[in-house]
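Written out below as structure tokens is the structure these notes cover.
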Amino acid sequence: MEHQFSVIEPKWQKKWEEQHAFEAKNDYTLPKYYALVEFPYPSGQGLHIGHPRPYTALDVVSRHKRMQGYNVLFPMGWDAFGLPTENYAIKNKIHPAKVTEQNIARFKKQLQMLGLSFDWSREVDTSDPSYYKWTQWIFLQLYKHGLAYKKEMAVNFCTSCKVVLANEEVVNGVCERCGSEVIRKVKSQWMLKITEYAQRLIDDLEGLDFIERVKTQEINWIGRSEGALVHFKATTGDDLCVFTTRPDTLFGATYMVISPEHELLETWKDKLTNYEEAVAYRTEAGKKSDFERTELAKEKTGVRLQGVAAINPVNGQQIPIFISDYVLASYGTGAIMAVPAHDTRDWEFAKKFGLPIVEVVAGGDVMNEAFTDTESGKMVNSGFLNGLEVAEAKQEIIRWLAEKGLGEKKINYKLRDWVCSRQRYWGEPVPMVYCEHCGWQPIDESELPLLLPDVEAYEPTDTGESPLSKVTDWVNTTCPKCGGPAKRETDTMPNWAGSSWYFLRYCDPKNPDALASREALNYWMPVDWYNGGMEHVTLHLLYSRFWAKFLYDIDILACKEPYKKRTAHGMILGENGEKMSKSKGNVINPDEIVSQFGADTLRLYEMFIGDFEKSAPWSPSSIRGCKRFLERVAVLADMAKGRGVTPQLEKSFHCTIRKVTQDIADMKFNTAIAALMSLLNDIMDAKTLTVDELQTYVLLLCPFAPHLCEEIWEQSGGEGLASLANWPTYDEAKTVENMPEIPVQVNGKLRAVLRMPATASKEEMADLAKADERVAAALEGKQLVKEVVIPGKLVNLVVK
RNA sequence: GCGCCUGUGGCGGAACUGGCAGACGCGCUAGACUUAGGAUCUAGUAUCUGUGAUGUGCAGGUUCGAUUCCUGUCAGGCGCACCA
């Protein structure tokens with residue numbers, strides 16, 4: 001038969017839809033499998049050639065699991081709220097709601113042409129009121145449990161998007177989305193206390209089947225460090241508390257630094273003889289964007305505070321205090337003790353300001369560089385710590401500090417609370433009301449969803465206020481507590497809110513009474529395999545794990561972790577090996593590829609292109625090889641005759657079934673396909689094939705190229721859909737070669753490859769090897785020292 | 001600077017717990033069939049001063065045997081980045 005993909009593909013897509021072939025069953029007694037891919041935001045550009053790669057991969061997994069008898073949930077939806085959609089709407093002057101609708105329609109059509117086995121009956125859309133009702137509901141629960149709070153604070157503000165960004169959204173000091181400058185602005189924001197979950201977000205990674213780089217990236221982002229709080233006293237009597245990971249070096253603290261924003265600067269206003277100078281420095285530092293701060297990182301700056309000093313609690317020594325922007329207000333206590341001998345940054349600062357450098361750990365040359373090693377070296381110049389190892393000294397000093405009430409052990413995290421409000425239109429309204437008398441009040445749950453009002457002007461404002469603030473009849477409301485006049489919160493939530501729980505909604509997407517029923521959640525959760533991009537590890541993945549843990553705490557969810565297994569796909573690069581982008585002119589359009597080669601070929605190629613986890617360049621000639629392969633498969637359909645087993649192919653079949661089964665589970669799609677190609681070559685060499693074997697072959701290939709396989713399955717008299725047929729099984733005994741080829745080495749160098757019985761003993765193998773003339777020639781005149789024989793594997797003869 | 005990952009033909013990439021390096025595909029070469037071939041089929045395809053030797057970024061080490069393990073080093077990618 002001919003591979004007429006343009007006829008076959010729509011035919012089977014229609015049949016699958018008509019027969020509801022891929023809809024997950026609500027029978028909770030069946031073994032389940034929940035496969036998940038990150039839902040896309042429906043951008044105006046439509047599907048990118050990179051999208052089908054992860055989608056096809058988990059489609060293969062889902063199809064495979066379905067054929068193995070699992071009740072599979074493989075859903076899809078739309079991350080429709082948020083900046084990308086809104087920015088597109090503004091640019092094209094179409095209302096975001098309209099844009100979303102159009103883009104979803106286009107995206108869906110493109111996904112469907114790929115033959116992905118999504119359960120479309122469970123489609124979710126984060127911008128749909130029946131969905132965001134529950135996003136708002138979760139926010140209210142967070143608020144009620146003290147995990148959502150409003151706070152005036154310095155935040156990252158994108159000058160182009162005119163919106164506040166989470167720390168996770170600032171990359172290299174610029175906006176992750178638009179690349180514009182990010183400045184620091186003091187604004188009142190809704191915050192979520194993700195920091196309260198920091199330790200659990202680290203601890204619970206253990207035992208999860210996440211690829212290692214995902215785990216380490218999450219752990220690094222959370223940034224746990226163990227140390228101590230140490231209370232210094234200022235000459236004014238004020239307490240000056242610092243966090244340090246090196247309390248052992250306390251004797252070496254020769255000065256202190258507080259961040260420019262530190263409150264003590266104001267407290268000391270009257271005592272400082274150079275207050276003006278310090279304030280000028282603070283103003284200057286405040287003007288710098290984060291990007292500039294990092295740019296200037298090399299050169300340390302600061303101002304010595306004249307008129308006050310600090311007292312080192314361990315030796316009573318007076319030491320100067322500086323303000324400098326190398327100390328961050330938002331980490332630790334916003335103040336440090338500086339130990340120039342054993343900290344690189346302090347060393348640089350001390351050199352610049354001519355401050356003393358006192359060695360307290362021996363082993364380095366502290367006059368020339370800071371000695372930061374904690375593994376070796378003994379304490380010196382440190383009073384009662386002298387002679388101890390660093391690790392011992394740490395424990396000893398903490399004990400001493402605690403005893404005197406001067407300090408304690410402390411764990412710090414780099415992770416900050418999540419800034420969860422945006423001054424934008426296209427998002428979930430934050431369901432809070434501000435009353436002059438009662439302060440912030442949550443709206444009643446019965447009022448959910450709090451609908452996003454329809455507006456004419458949705459552009460962000462220059463004042464940094466949300467466009468919603470202009471909708472006065474919506475803003476003005478009554479206080480849920482006292483009934484008096486009150487105003488609604490006009491900020492909306494970031495897109496990370498809706499995407500933090502979408503995988504729960506899939507379990508029970510139409511439920512009007514709960515985010516999902518307890519039964520559905522208990523059955524489907526956790527997700528068995530979740531695949532997504534590395535770019536979401538510190539954003540979506542972390543946020544959604546946090547929400548899941550919170551929902552676990554309030555008894556909505558039965559599992560502590562939402563995802564059992566997490567993998568990440570590599571990118572598809574342009575032909576030139578660079579990232580695809582319009583400006584580089586190396587973008588490949590999936591619509592064109594499908595019309596030219598067919599969906600099956602595209603799917604197969606994207607799985608065959610290389611290691612799933614690694615990036616790989618697009619190759620127009622390689623995809624032709626995949627098309628050629630499918631055409632050859634179509635030829636098999638005409639070749640197959642009779643029933644039963646072809647003896648010379650039996651072993652190949654059993655081996656291939658084993659290989660494909662294992663490779664799909666191990667995410668090694670490229671070698672699974674290679675094995676199928678190899679089997680095809682074997683069949684072509686044998687020039688004979690039975691109908692039974694053809695059908696086995698087709699089922700193995702079905703997850704990768706489902707349309708063609710359905711067609712051959714039907715034409716060869718297969719019952720029902722190939723996509724729902726039983727996955728072929730193999731007999732381990734039939735994969736074994738009884739006369740394997742054994743490599744024979746002399747001194748580790750290959751001399752011959754001989755066929756030997758698999759059951760041969762070590763002695764027999766050695767004898768067979770020595771009998772070969774090439775081996776004998778290599779042994780000639782040498783003395784045999786050792787015989788290394790691995791039964792069924794190899795012979796190595798060691799001679800002198 | 002710190003952390004993680006990757007270096008294998010002309011290209012994408014294979015190689016199980018250390019055991020025939022280069023599976024599979026692309027490309028290329030030759031031939032067949034063709035009016036034609038950027039279609040299809042067949043054969044070949046790591047390198048070399050070629051009966052043999054050398055080859056998995058580079059230099060060492062462990063081993064009967066190393067792409068695989070260890071040490072050092074170079075190159076590329078990703079993440080974090082003044083986090084005390």
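Throughout, a chain's letter reflects where its sequence line sits, starting with A, and its residues are numbered from 1. Computation of the quantities below employed the complete heavy-atom set of this structure, encompassing side-chain atoms and omitting hydrogens, waters and symmetry-equivalent molecules.
B:G22 makes up no base pair with any nucleotide shown, lacking Watson-Crick or G-U wobble contacts both under 3.5 Å. The partner of B:A66, taking Watson-Crick or G-U wobble pairs whose two distances both stay under 3.5 Å, does not exist in any strand shown. The partner of B:A14 is absent, by the rule that a Watson-Crick or G-U pair needs both atom distances under 3.5 Å. The partner of B:C78 is B:G3, by the rule that a Watson-Crick or G-U pair needs both atom distances under 3.5 Å. As the counterpart of B:U40, B:A32 is assigned, both hydrogen-bonding distances of the Watson-Crick or G-U wobble pattern falling under 3.5 Å. Pairing for B:A53 goes to B:U47, judged as Watson-Crick or G-U wobble with the two contacts each under 3.5 Å.
Across all strands shown, A:Asn796 has heavy atoms under 4.0 Å from base atoms, whether or not it also approaches the sugar-phosphate. Using a 4.0 Å heavy-atom criterion, one finds that A:Ile790 contacts the bases of the nucleic acid, with or without backbone contacts as well. Counting non-hydrogen atoms under 4.0 angstrom, A:Asp346 reaches nothing in the nucleic acid. Nucleic acid contact class of A:Glu741 (heavy atoms, under 4.0 Å, all strands): base. Within the 4.0 angstrom heavy-atom criterion, base atoms lie near A:Arg416. Contact annotation for A:Ser615: backbone-only contact, meaning every heavy-atom pair under 4.0 Å involves sugar-phosphate atoms and none involves a base. No engagement by A:Lys627 is indicated, since no non-hydrogen atom pair under 4.0 Å with the nucleic acid exists. If you check every strand for non-hydrogen atoms under 4.0 Å, A:Gly332 touches nothing.
A donor-acceptor contact under 3.5 Å is formed by the side chain of A:Lys300 with the base of B:C82. With hydrogens and angles left out, the side chain of A:Gln217 and the base of B:G3 share no donor-acceptor pair within 3.5 Å.
A straight line from CZ of A:Arg774 to C1' of B:U51 spans 13 Å, rounded to a whole angstrom. Counting to the nearest Å, the P atom of B:C78 and the CD atom of A:Glu578 are 12 Å from each other. Put simply, NZ on A:Lys749 is 18 Å from P on B:U63, counting in whole angstrom units. As rounded to whole Å, 21 Å separates atom P of B:A84 from atom CH2 of A:Trp347. What separates CE of A:Met756 from P of B:C20 is a distance of 14 Å, to the nearest Å.
Rounded to a whole angstrom, the distance from the P atom of B:U54 to that of B:A21 is 12 Å. Nucleotides B:C26 and B:G13, compared at atom C1', are 11 Å apart to the nearest Å. Comparing B:A43 with B:A66, their P atoms sit 35 Å apart, to the nearest whole Å.
Once rounded to the nearest 0.5 Å, the distance linking OG1 of A:Thr601 with CG of A:Leu630 reads 4.5 Å.
Side chain to side chain, A:Gln199 and A:Tyr413 meet the donor-acceptor criterion of an N or O pair below 3.5 Å. Between A:His536 and A:Glu38, the side chains place a donor N or O and an acceptor N or O closer than 3.5 Å (distance only, hydrogens not considered). Between A:Ser225 and A:Asn412, the side chains place no donor N or O within less than 3.5 Å of an acceptor N or O (distance only, hydrogens not considered). Neither side chain, A:Asn312 nor A:Tyr255, offers a donor N or O lying under 3.5 Å from an acceptor on the other.
Close placement of the A:Tyr605 and A:Trp618 rings is indicated, their centers lying within 6.0 Å of each other. Ring centroids of A:Phe322 and A:Phe349 are separated by less than 6.0 Å, placing the two rings close together.
Checking the phosphate oxygens (OP1, OP2) of B:A84, a side-chain nitrogen or oxygen of A:Tyr331 falls inside 4.0 Å. The side chain of A:Arg213 places no N or O atom within less than 4.0 Å of a non-bridging phosphate oxygen (OP1 or OP2) of B:G3. Distances shorter than 4.0 Å separate none of the side-chain N or O atoms of A:Asn681 from OP1 or OP2 on B:A23. Listed pair A:Ser225 / B:A84 meets the phosphate criterion, a side-chain N or O lying under 4.0 Å from OP1 or OP2. Contact annotation: A:Arg628 side-chain N/O to B:U40 OP1/OP2 distance is under 4.0 Å. For B:C24, neither phosphate oxygen OP1 nor OP2 lies less than 4.0 angstrom from any side-chain nitrogen or oxygen of A:Asn670. Between B:C24 and A:Lys659, no contact under 4.0 Å exists linking OP1 or OP2 to a side-chain N or O.
Shown here, B:G77 is classed anti by the O4'-C1'-N9-C4 or O4'-C1'-N1-C2 angle, which is more than 90° from 0.
Closest to the side chain of A:Glu631, from the set B:G12, B:C24, B:U40, is B:U40.
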